[in-house]
**Q** 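Let me begin by handing over the structure; questions about it come next.
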2 protein chains.
Amino acid sequence: MNEEIQLQDISLEKVFEKYELKFKAIADKKRLQIMNILTQKGAMCVCDLAPMMDMAQSKLSYHLKILLDANIITKETRGTWSYYELNQEELNHLLSHELCCLFKPSSS
Amino acid sequence: MNEEIQLQDISLEKVFEKYELKFKAIADKKRLQIMNILTQKGAMCVCDLAPMMDMAQSKLSYHLKILLDANIITKETRGTWSYYELNQEELNHLLSHELCCLFKPSSS
DNA sequence: TTTATAAATCAACTTTTTTTGATTTAACAA
DNA sequence: TTGTTAAATCAAAAAAAGTTGATTTATAAA
């Protein structure tokens, strides 16, 4: 096995790890529900999302962090509030056009 | 809350569960690697895939079952051998066009 | 200051997923 | 039959992910 092929394998490995992270983030029905709500409502803060999800704040923060770390959503803090929003561009790179209406804003 | 909205919520819940299953199946770097190999090689039996993946047979069967249960791959048994192949149609419904070359056969 | 609210983080616990090695099932050939 | 190979399944152990309630951090208002 020559160096070129080894380098290819190493970068492919990293590609797999990258998509593992992203697919893991969206591979949860609670997080898919969060994405669905953000699709409809746009940016939302944790305090407004928590009652809609019927979920404790710490638990919601946990799930939002996973989506944030995978770059599926973005965060903007204003004062005491943190507003989370879908990352449309990322989702377009990841999901089929058919999943658009479910998990991606209709404008995209 | 009227019945119509409740019914919508129930079916949405089922949609989320459906995609949870599918995304969980592809949310693993080993399984992504299997998909990548099947992308390049077409149908393969477990005995040929095992050495390529450097993975024990029982472990490989476990991962193949998860992909099969999510309808990401299909199985065709001929004699003692089982041949696994990517389910192109399913992947087209799921993944973006950009992930084509990585995890979907080039013909699609 | 003090108080209140929003959100992140933490540690302990629970649940789910993955790994491992052995066993079983099934098809085929000698 | 008997032996061989392919692949699925099983139970136990290990690892990873998710939940819970409490605490901490940070901003803003009284």
Side-chain angles (χ1 to χ4, degrees), chain A residues 13 16-38 41-86, chain B residues 13 16-38 41-86:
Chain A
E13 171 79 13
F16 296 147
E17 281 172 9
K18 168 184 155 186
Y19 285 109
E20 178 181 58
L21 180 78
K22 291 182 186 299
F23 287 132
K24 264 200 179 124
I26 63 175
D28 180 278
K29 64 182 179 179
K30 287 295 175 190
R31 293 195 289 269
L32 288 172
Q33 195 186 346
I34 291 170
M35 289 165 67
N36 181 250
I37 289 172
L38 294 180
K41 302 279 179 179
M44 286 194 82
C45 63
V46 182
C47 55
D48 287 343
L49 204 47
M52 288 191 73
M53 290 294 300
D54 190 25
M55 193 180 270
Q57 177 265 317
S58 70
K59 190 169 166 179
L60 182 53
S61 281
Y62 167 80
H63 286 294
L64 287 169
K65 187 173 186 340
I66 285 172
L67 290 169
L68 186 67
D69 288 347
N71 201 31
I72 302 294
I73 58 176
T74 57
K75 176 167 104 163
E76 194 198 333
T77 302
R78 289 202 291 274
T80 329
W81 291 269
S82 285
Y83 291 90
Y84 288 91
E85 194 168 2
L86 283 180
Chain B
E13 171 78 14
F16 297 148
E17 281 172 9
K18 169 183 156 186
Y19 285 110
E20 178 181 58
L21 179 79
K22 290 183 187 297
F23 287 132
K24 261 196 181 133
I26 63 175
D28 179 279
K29 63 182 179 178
K30 289 295 175 191
R31 294 194 288 268
L32 288 172
Q33 194 186 346
I34 291 170
M35 289 164 68
N36 181 250
I37 289 172
L38 294 180
K41 303 279 179 178
M44 286 195 81
C45 64
V46 181
C47 55
D48 287 343
L49 204 46
M52 288 190 73
M53 289 295 299
D54 190 26
M55 193 180 269
Q57 177 264 319
S58 71
K59 191 169 166 179
L60 182 53
S61 281
Y62 167 79
H63 286 294
L64 287 170
K65 187 173 186 339
I66 286 172
L67 289 169
L68 186 67
D69 288 347
N71 202 31
I72 302 295
I73 59 176
T74 57
K75 177 166 104 164
E76 193 198 334
T77 301
R78 290 202 290 274
T80 330
W81 290 268
S82 285
Y83 291 90
Y84 288 92
E85 195 169 2
L86 282 181

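Chain letters run A, B, ... following the sequence lines, proteins first and then strands; every chain starts at 1.
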**Q** Given atom CD of B:E20 and atom C1' of D:dA17, what is their separation to the nearest angstrom?
**A**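 Roughly 12 Å, once rounded to whole Å.
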
**Q** Could you tell me whether B:I66 contacts a base, only the sugar-phosphate backbone, or nothing, with contacts defined as non-hydrogen atoms closer than 4.0 Å?
**A**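 Answer is sugar-phosphate: B:I66 comes under 4.0 Å of backbone atoms only.
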
**Q** Backbone N or O of B:K29 within a donor-acceptor pair of the A:E20 side chain at under 3.5 Å?
**A**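 It does hold such a pair.
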
**Q** Please check the phosphate of C:dA6 (OP1 and OP2 only) for any side-chain N or O of A:T80 closer than 4.0 Å.
**A**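 False: A:T80 side-chain N/O out of range (4.0 Å or more) of C:dA6 OP1/OP2.
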
**Q** Just checking A:S58: base, sugar-phosphate only, or nothing, at a heavy-atom cut-off of under 4.0 Å?
**A**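 Contact class for A:S58: base.
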
**Q** Report yes if a donor N or O on one partner sits less than 3.5 Å from an acceptor N or O on the other, where the partners are the side chain of A:Q57 and the base of C:dA6; otherwise report no.
**A**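 It does not, because no donor-acceptor pair links the side chain of A:Q57 to the base of C:dA6 below 3.5 Å.
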
**Q** Could you check whether A:E76 pairs with A:R78 (Lys NZ or Arg NE/NH1/NH2 to Asp/Glu carboxylate O, under 4.0 Å)?
**A**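 Salt bridge present between A:E76 and A:R78.
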
**Q** Given C:dA8, D:dA6, D:dG18, identify the nucleotide with an atom nearest to the side chain of A:S61.
**A**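 Nearest to the side chain of A:S61 among the choices is C:dA8.
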
**Q** For A:M55 and D:dT20, give me the distance from atom CE to atom C1', rounded to whole Å.
**A**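 So the two atoms are 13 Å apart, to the nearest Å.
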
**Q** Between A:F23 (CZ) and C:dT17 (P), how many Å, whole number?
**A**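 Distance, rounded to whole Å: 18 Å.
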
**Q** Can you tell if the side chain of A:C47 reaches within under 4.5 Å of the side chain of A:W81, non-hydrogen atoms only?
**A**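 They are in side-chain contact.
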
**Q** With nearest nucleotides of DNA chain D determined for A:D28 and A:G79 from heavy-atom distances, which residue corresponds to the more 5′ nucleotide?
**A**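 Its nearest nucleotide being more 5', the pick is A:D28.
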
**Q** Answer yes or no: is there a donor N or O on one side and an acceptor on the other, between the side chain of B:K22 and the main chain of B:A70, under 3.5 Å?
**A**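 Side chain of B:K22 to backbone of B:A70, a donor-acceptor pair under 3.5 Å: yes, one is there.
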
**Q** Output the rounded distance in Å from CG (B:D69) to P (C:dT17).
**A**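 Spelled out: CG on B:D69 to P on C:dT17 is 12 Å.
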
**Q** Round to the nearest Å and state the distance from A:M44 atom CE to C:dA7 atom C1'.
**A**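 The answer, rounded to whole Å, is 15 Å.
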
**Q** Students often get this wrong, so: under 4.0 angstrom with heavy atoms, is B:Y83 touching a base, only sugar-phosphate, or nothing?
**A**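 If one applies the 4.0 Å heavy-atom cut-off, B:Y83 turns out to touch nothing in the nucleic acid.
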
**Q** Taking only side-chain nitrogens and oxygens of B:H63, does any of them come within less than 4.0 Å of OP1 or OP2 of C:dT19?
**A**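 Checking C:dT19 against B:H63, a side-chain N or O does come within under 4.0 Å of OP1 or OP2.
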
**Q** Which whole-number value in Å describes the distance from B:W81 CH2 to D:dA6 P?
**A**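 In whole Å, D:dA6 P lies 7 Å from B:W81 CH2.
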
**Q** Are the side chains of B:M52 and B:M44 in contact, using a 4.5 Å heavy-atom criterion?
**A**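 They are in side-chain contact.
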
**Q** For B:T77 and for A:D48, find the nucleotide of DNA chain C with the closest heavy atom, then tell me which residue's nucleotide is more 5'.
**A**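 Nearer the 5' end of the strand: A:D48.
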
**Q** How many angstroms lie between CZ in B:R31 and CD1 in B:I73, if you round to the nearest 0.5 Å?
**A**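 It comes to 10.5 Å.
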
**Q** Between B:K30 and C:dT18, is there a contact of a side-chain N or O with OP1 or OP2 at under 4.0 Å?
**A**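 B:K30 to C:dT18 OP1/OP2: no side-chain N or O under 4.0 Å.
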
**Q** Quick one: label A:R78 by what it contacts on the DNA or RNA (base, sugar-phosphate, nothing), any heavy atom closer than 4.0 Å.
**A**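 No contact.
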
**Q** For A:L67 and D:dA17, what is the distance between atoms CG and P respectively, to the nearest whole Å?
**A**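 That distance rounds to 14 Å.
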
**Q** So, does B:K59 get its side chain near the phosphate of C:dT20, meaning an N or O under 4.0 Å from OP1 or OP2?
**A**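 B:K59 to C:dT20 OP1/OP2: side-chain N or O found under 4.0 Å.
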
**Q** Under 4.0 Å between a side-chain N or O of B:Y84 and OP1 or OP2 of D:dA8?
**A**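 Yes.
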
**Q** Rounding to a whole Å, what distance do you find between B:E76:CD and D:dA6:P?
**A**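 The distance from CD of B:E76 to P of D:dA6 comes to 18 Å, rounded to the nearest Å.
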
**Q** Does B:K65 have a side-chain nitrogen or oxygen under 4.0 Å from the phosphate oxygens OP1 or OP2 of D:dA8?
**A**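 No, B:K65 has no side-chain N/O under 4.0 Å of OP1/OP2 on D:dA8.
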
